[in-house]
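Below is one structure, written out as structure tokens; the observations come after it.
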Amino acid sequence: MSDLLVDGVDTVLLDVPLVRPHRFARTGMDAQPVLLVQIRTAGGAVGLGEGVVPGGPWWGGESVETMKVVIDQYVAPLVLGRRVDDIAGISQAVNDVVNANLYAKAAVEVALHDAWARSLNVPVHTLLGGVSRTSVPVTWALGTEPAAVVIEEAMAKLDAGHRSFKLKMGAQEPPDDVRRVCAIAEKLAGVAGVAGVAGVRVDLNARWDRLTSLRYLPALAAAGVELVEQPVPAAEVEWLAEINRALPIPVMADESLRTPSDAFRLASLRAADVFSLKTTKSGGLRATAAIASIAAAAGIPCHGGTSIESPVGTAASLHLACAAPAVTWGSELFGPLLMREELLTTPLRYSGGDLHLPGGPGLGIELDPAAVAAFTRR
Ligand code: MG
């Protein structure tokens, strides 16, 4: 049994270059910073986890640098010497000492699951209760560039099998942004008329207020946009509920949904018709599975969201998305496709617009040590 004791917690900062700059409403990035967490057991198992946010602290306040400090100084000492299968106990001990910092906690919690699963020689999804599916559809995220640029990128991705696109909004004044997105939605629907239907979703990343949302979102619905993600700030759940009632298409909660109690409140208010699940923003696999259960009980479908994880975090999110029956609205687990270089010895498998669950113990992935060394921040 002592084989299960944790005898090492290592963190290393990586910067993984992207195939193209990725733009959000008010910021962007050329490379994705990643905090790689490795938890070693006395029995020799090494579990992987990843601390990652979409391009910096704008989304939730944490960055890879804050995560490294929090884990090295406060979390690692609480994990060392404990059994990897005592995840509830470890989480309690960590929560007694560290408030919030859910991205940092997720990195450690995923690494514990991976080390535990590898110790048992089972996949991580077995620890989550087994699989409901073995692959998930992947929505491709398009940037905030002008319509012509975005349409050209979407065309190439249609050829690769993607049938769903997510557009970031909020970088321009609302009337201009709405005109841009309507032009894209109409063009993609026209092209897909030949080879099937491409869904178009938009993500406001909490940049609009209540009135702007009520004024401009109906035009997007009329142009064929199928879903609106988080138009208003995270705390404004009543606004979200009002907007959800006013629109003929679903509103998806992302920034407003971090914890199981957030999920309960959103479900009670019917503030969102779809939940975006992220193992990262919610502190790990267990809390995310709890959110998925609340959603299922409330009849709310879930979507496998991303913080633009490397293949490590993507594999963790994929195990959860395949294990949770409620994840029926696909995923946006495209992080590895946005990265210019591979981190694994065998890449995750994307085909036909889907991401496929890898086999093997733990997360089912192996790091390429040369790639890790090449991207390590100096
Ligand atoms: Mg989002």
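Every value quoted in this text rests on a predicted model; they were computed, and no experiment measured them.
The heavy-atom pair separating A263 from F275 by the smallest distance is O-CZ, 3.7 Å. Across C322 and V136, no two heavy atoms sit closer than the pair SG-CG1, 4.5 Å. Contact record, A93 with L78: O-CD1, 3.7 Å, taken as the closest heavy-atom pair. Here the closest heavy-atom approach between residue R378 and residue A373 is recorded as NH2-O, 2.8 Å. Shortest non-hydrogen contact noted between A198 and L158 is CB-CD2, 4.1 Å. Considering all non-hydrogen atoms of both residues, L357 and L318 come closest at CA-CD2, 3.7 Å.
Between the side chain of Q32 and the backbone N or O of I308 there is at least one donor-acceptor pair closer than 3.5 Å. Judged purely by atom type and a 3.5 angstrom limit, E62 uses its side chain to pair as donor or acceptor with the backbone of A104. Remark: side-chain polar atoms of H319 are paired, donor with acceptor, to backbone N or O of L363 under 3.5 angstrom. Of the possible donor and acceptor atoms, one in the side chain of E309 sits under 3.5 Å from a partner among the backbone N and O of S307. A donor-acceptor contact shorter than 3.5 Å is absent between the side chain of D3 and the backbone of A42. Proximity of a side-chain donor or acceptor of S164 to a complementary backbone N or O of T139 within less than 3.5 Å is not detected. Listed for the E173 side chain is no donor-acceptor partner under 3.5 Å among the backbone atoms of P175. Within the 3.5 Å criterion, the main-chain N or O of D254 finds a donor-acceptor partner in the side chain of Q230. A donor-acceptor pair under 3.5 Å is formed between the side chain of S293 and the backbone N or O of A289. A donor-acceptor pair under 3.5 Å links the side-chain atoms of H162 to the main chain of V138, judged by distance alone.
A salt bridge between R118 and D114 is present, with a side-chain N of the basic residue lying under 4.0 Å from a carboxylate O of the acidic one. One finds no salt bridge joining K187 and E152 here, because no Lys/Arg side-chain nitrogen approaches an Asp/Glu carboxylate oxygen to under 4.0 Å. A salt bridge between E236 and R210 is absent, with no side-chain N of the basic residue lying under 4.0 Å from a carboxylate O of the acidic one.
The local environment of CZ in F264 is sparse, with at most 12 non-hydrogen atoms from other residues, nucleotides or ligands closer than 6.0 Å. Shown here is D96, whose CG atom has more than 12 heavy atoms of other residues, nucleotides or ligands within 6.0 Å.
Following chains of ILVMFWY side-chain contacts shorter than 4.5 Å, one cannot reach L128 starting from I294, and the two form parts of different hydrophobic clusters. F165 is connected to L355 through a chain of hydrophobic side-chain contacts under 4.5 Å among Ile, Leu, Val, Met, Phe, Trp and Tyr, so both are in one cluster. Residues V150 and V225 share a hydrophobic cluster, clusters being chains of Ile/Leu/Val/Met/Phe/Trp/Tyr side chains in contact below 4.5 Å. Under the 4.5 Å side-chain contact rule for hydrophobic residues, Y350 and M155 share a cluster. In this structure, V6 is a member of the same hydrophobic cluster as I71, with clusters built from ILVMFWY side-chain heavy atoms closer than 4.5 Å.
With rounding to the nearest 0.5 angstrom, the OG1 atom of T41 is 11.0 Å from the CG atom of D85. Once rounded to the nearest 0.5 Å, the distance linking CG of L220 with CG of L227 reads 11.5 Å. The CG atom of L102 sits 5.0 Å away from atom CZ of R258, with the distance rounded to the nearest 0.5 Å. With values rounded to the nearest 0.5 angstrom, M252 atom CE is found 11.0 Å from L240 atom CG. Atom NZ of K68 sits about 10.5 Å away from atom CG of L36, to the nearest 0.5 Å. The CG atom of D30 lies 7.0 Å from the CG atom of L18; values are rounded to the nearest 0.5 Å.
A donor-acceptor pair shorter than 3.5 Å cannot be found between the side chains of T279 and T288.
Exactly one of T11, V94, N101 qualifies for a side-chain contact (heavy atoms from CB on, under 4.5 Å) with V75. That residue is V94. Checked options P347, P311, S310; the residue passing with P336 is P311 (criterion: side-chain contact (heavy atoms from CB on, under 4.5 Å)).
Ring pair W116/H113 is tilted by interplanar angle, where 30° to 60° counts as tilted.
Not counting sequence neighbours, D262 has no partner by the salt bridge (charged side-chain N to carboxylate O under 4.0 Å, His left out) test.
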Item to complete: Determine, step by step, whether V237 and L269 satisfy the side chain to side chain contact (heavy atoms under 4.5 Å, CB included) criterion, reporting the C-alpha distance in whole Å, the side-chain angles of both residues, the deciding distance to 0.1 Å, and the verdict.
Response: CA-CA 8 Å; V237 176; L269 291 170; 3.5 Å; yes
Discussion item. Walk me through whether E153 and R20 qualify under salt bridge (charged side-chain N to carboxylate O under 4.0 Å, His left out).
Written reply: CA-CA 11 Å; E153 183 176 340; R20 59 147 165 80; 2.8 Å; yes
Worksheet item: ring pair (Phe, Tyr, Trp, His ring centres under 6.0 Å) between W140 and F334: does it pass, once the steps are laid out?
Response: CA-CA 7 Å; W140 183 255; F334 59 79; 5.5 Å; yes
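Here side-chain hydrogen bond (donor to acceptor under 3.5 Å, both in side chains) pairs that include residues 120-137, with residues two or more places apart or in two chains, are S135-D354. Annotation: side-chain hydrogen bond (donor to acceptor under 3.5 Å, both in side chains) contacts involving residues 320-332, sequence neighbours excluded, comprise K166-E332.
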